[in-house]
Amino acid sequence: MIDLQGETLASAEAGLLRHSAVGGVILFSRNYRRPGQVRGLVAAIRSAAGRPVLVAIDQEGGRVQRMRAGFSALPPARTLGTAHDSDPGLAMERARARGRLLALELHAVGIDFSFAPVVDVDYGRSDVIGDRALHGDPEVVSILGAAFVQGAASAGMACVAKHFPGHGWVEADSHVEMPVDDRDYSALLADLVPFERLFAAGAGAVMTAHVQYPAVDDPTPCYSRRWMREELRRRMGFSGAIFADDLSMHGAGQAGDLGQRVQAALEAGCDMLPICNDPDGVRELLRDWRYADRPDSAARLATLRRAA
C-alpha cells in the first residue's frame, strides 16, 4: 500500500499503481483539499491501476482526521468513553452513528475504509494514543468498538481494528522510537479482549502495533509468527486481513532495510504492507520485486472493498 505526494496523481505514481504488487493507496491530509477534488483523485487512482485496488485513509476523528473541510468534524473517540460513564445506552448509539456517518462520508468520495477504530486500552501512559482511545476499561472499549463496527457495516464499510495486540501501555511513540511492553502474556490478555470482541462483531481487518513484547516474542508483531499465526489466526480464529502499520516508521526498523522488512512481514503472515513517505524506497522495492503472489491475501483484502 503506497502513498501519494499531492492532490493529483503524478505520472510516476500512476506507473507504480500498475505494478502487480501494489494493492492499495493510503491518503493523507496533503492529498485533500475538498470533497470533489479527492473524489477525482480516487477515480484517477482506480483508472491508473486498471484493476481493483483499495483506497484507505486515517479518518478517526479528533487529532487524526485527514479530511476536514466538507466533512463532519468528529470529536476524539474518548468522548464516547466519557459518555459511557454516565449513559451507556447513549454512548452506544453515538458509536454506531459515528461508524455509519464515517462510512457514508468516505464512500461518497470513493474511499473504501478508514483505519479505525482504535481499540487500544488507555492506561494513561501513551501520549500518541491518548484521547484516540475509547476508554481505560477493556470491556467499555469492546462495547463501543463493536457498536462502531456495526454502524459502519450498516453503511457497507469494513473496519480495521488497531493497534494489535495493544499500544496503550507503552509510553514511546513508535513513529520515532521502538516502544517496549515488558508485561507477560497474562497481563496482555486484557488488551486482546477488544480485538476478539470486534472480530466477533464483524471487523474485517486488523493493524499491528510496532511495539516489542519480549515476554511473548522478540520480533514486533508484524514480523512475528507467534503473534500473526499462533495468536491471531489459530487461537483467536481471525480470518480477515492483517495490515502491518507503516513499514517506514522507526518502530518497524527491527527487521533491517525496507526489503528485509517486507520479507519478514510477508513470512510472518501479513496481508498488506503500507509504506509511507518513502517514494524512492517504494520504487526501488518494486523494481527488484521478487516475492510470490499471495492469492490468500488477495482474497482477504478483496472483502474490504466498498460495494459498487
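Excluded from the calculations below are hydrogen atoms, water molecules and symmetry mates; all remaining heavy atoms, backbone and side chain alike, are included. Bear in mind that the values here come from a model prediction, so they are computed numbers and not experimental data.
Of all non-hydrogen atoms in Arg229 and Leu266, the two that sit nearest each other are NH2-O, 4.2 Å. Shortest non-hydrogen contact noted between Arg183 and Leu188 is NH2-CD2, 3.3 Å. For Ile57 against Ile111, the heavy-atom pair with the smallest separation is CG2-CG2, 4.2 Å. The two atoms that bring Met228 and Cys270 nearest to each other are SD-SG, 4.1 Å, heavy atoms only. Nearest approach of Tyr223 to Ala268, heavy atoms of both residues: C-CB, 3.5 Å. Minimum heavy-atom separation, Leu80 to Arg98: CD1-CD, 3.8 Å.
By the 4.5 Å heavy-atom criterion applied to side chains, Val42 and Val109 are not counted as neighbours. Between Arg66 and Val64 the shortest side-chain heavy-atom distance falls below 4.5 Å. A 4.5 Å side-chain heavy-atom check between Pro52 and Arg305 finds at least one atom pair inside the cut-off. Proximity of Ser224 to Tyr213: side-chain heavy atoms (C-beta onward) are nowhere separated by under 4.5 Å. Considering only heavy atoms from C-beta on, Leu74 stays 4.5 Å or farther from Glu60 through its side chain. For the pair Glu196/Arg235, a side-chain contact is recorded, criterion being any heavy-atom separation below 4.5 Å from C-beta on. Counting heavy atoms from C-beta outward, Val121 and Val193 have side chains that stay 4.5 Å or more apart. Counting heavy atoms from C-beta outward, Leu41 and Leu9 have side chains that approach closer than 4.5 Å.
Sorted by first and then second residue, the pairs that involve residues 76-92 and meet salt bridge (charged side-chain N to carboxylate O under 4.0 Å, His left out), not counting sequence neighbours, are Arg78-Asp122.
When hydrophobic clusters are built by joining Ile, Leu, Val, Met, Phe, Trp and Tyr residues whose side-chain heavy atoms come closer than 4.5 Å, directly or via intermediates, Met1 is grouped together with Phe28. With hydrophobic clusters built from ILVMFWY side chains whose heavy atoms lie under 4.5 angstrom apart, Phe238 does not share a cluster with Phe113. A continuous path of hydrophobic side-chain contacts links Leu192 to Val140 [ILVMFWY only; heavy atoms under 4.5 Å]. A continuous path of hydrophobic side-chain contacts links Leu16 to Val53 [ILVMFWY only; heavy atoms under 4.5 Å]. Cluster annotation: Leu301 and Trp289 are assigned to the same hydrophobic cluster (Ile/Leu/Val/Met/Phe/Trp/Tyr, side-chain heavy-atom contacts under 4.5 Å, transitive).
How far CE of Met272 is from CE of Met207: 10.0 Å, rounded to the nearest 0.5 Å. Here the straight-line distance linking atom CG of Leu144 with atom CG of Asp137 works out to 10.0 Å at 0.5 Å rounding. In this structure, the separation between CG on Asp246 and CG on Asn277 is 6.5 Å, given to the nearest 0.5 Å. Remark: Leu285 CG to Asp280 CG distance equals 12.5 Å, nearest 0.5 Å. Remark: Gln5 CD to Asn31 CG distance equals 8.0 Å, nearest 0.5 Å. Atoms CD1 and CG, from Ile26 and Leu4 in turn, are 10.5 Å apart once rounded to the nearest 0.5 Å.
Judged purely by atom type and a 3.5 angstrom limit, Arg39 uses its side chain to pair as donor or acceptor with the backbone of Ala108. Although no hydrogens or angles enter the test, the distance criterion places a donor-acceptor pair under 3.5 Å between the side chain of Gln254 and the main chain of Asp218. Within the 3.5 Å criterion, the main-chain N or O of Val55 finds a donor-acceptor partner in the side chain of Asp112. In terms of modelled atom types and a separation under 3.5 Å, the side chain of Arg46 and the main chain of Arg51 share no donor-acceptor contact. Remark: side-chain polar atoms of Asp120 are paired, donor with acceptor, to backbone N or O of His167 under 3.5 angstrom. Using modelled atom types, no side-chain atom of Gln59 and backbone atom of Leu106 make a donor-acceptor pair closer than 3.5 Å. No donor-acceptor pair closer than 3.5 Å links the side chain of Glu284 to the backbone N or O of Gly281. A donor-acceptor pair is defined here as one N or O able to donate and one able to accept, closer than 3.5 Å; no such pair exists between the side chain of His210 and the backbone of Ser174. Side-chain atoms of Arg132 do not come within 3.5 Å of backbone N or O of Pro76 as any donor-acceptor pair.
The pair Asp127-Arg63 does not meet the salt-bridge criterion, since no charged nitrogen lies less than 4.0 angstrom from a carboxylate oxygen. With respect to Arg225 and Glu267, no salt bridge is recorded, no charged nitrogen being found less than 4.0 Å from a carboxylate O. In summary, Arg226 and Glu230 do not engage in a salt bridge, as defined by a charged side-chain N under 4.0 Å from a carboxylate O.
When the ring pair (Phe, Tyr, Trp, His ring centres under 6.0 Å) test is applied to Trp169, the partners found at least two apart in sequence or on another chain are Tyr123.
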From CA spacing to verdict: side-chain contact (heavy atoms from CB on, under 4.5 Å), Thr208, Trp227:
CA-CA 10 Å; Thr208 65; Trp227 282 114; over 6 Å; no
Between Asp181 and Asp191, is a side-chain contact (heavy atoms from CB on, under 4.5 Å) present by the stated rule, with each step listed?
CA-CA 12 Å; Asp181 187 333; Asp191 295 65; 5.6 Å; no
Decide salt bridge (Lys or Arg N to Asp or Glu O under 4.0 Å) for Lys162 and Asp245; before the verdict, give the C-alpha distance in whole Å, the side-chain angles of both, and the deciding distance to 0.1 Å.
CA-CA 9 Å; Lys162 64 184 187 184; Asp245 205 346; over 6 Å; no
Step-by-step side-chain contact (heavy atoms from CB on, under 4.5 Å) determination, Gln212 to Asp182
CA-CA 8 Å; Gln212 281 186 282; Asp182 57 8; over 6 Å; no
What verdict does the side-chain contact (heavy atoms from CB on, under 4.5 Å) test give for Cys159 and Leu198, after you've listed the backbone C-alpha separation in whole Å, the side-chain angles of each residue and the deciding distance to 0.1 Å?
CA-CA 9 Å; Cys159 285; Leu198 263 65; over 6 Å; no
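Remark: Asp296 CG is packed, more than 12 non-hydrogen atoms of other residues, nucleotides or ligands lying under 6.0 Å away. Heavy atoms from other residues, nucleotides or ligands lying under 6.0 Å from CD of Glu7 number more than 12.
Between Phe164 and Phe199, the ring centre distance reaches or exceeds 6.0 Å. The six-membered or imidazole ring of Phe243 lies near that of Phe115, with a centre-to-centre distance under 6.0 Å.
Counting only N and O atoms by type, the side chains of Ser248 and Asp278 include no donor and acceptor under 3.5 Å apart.
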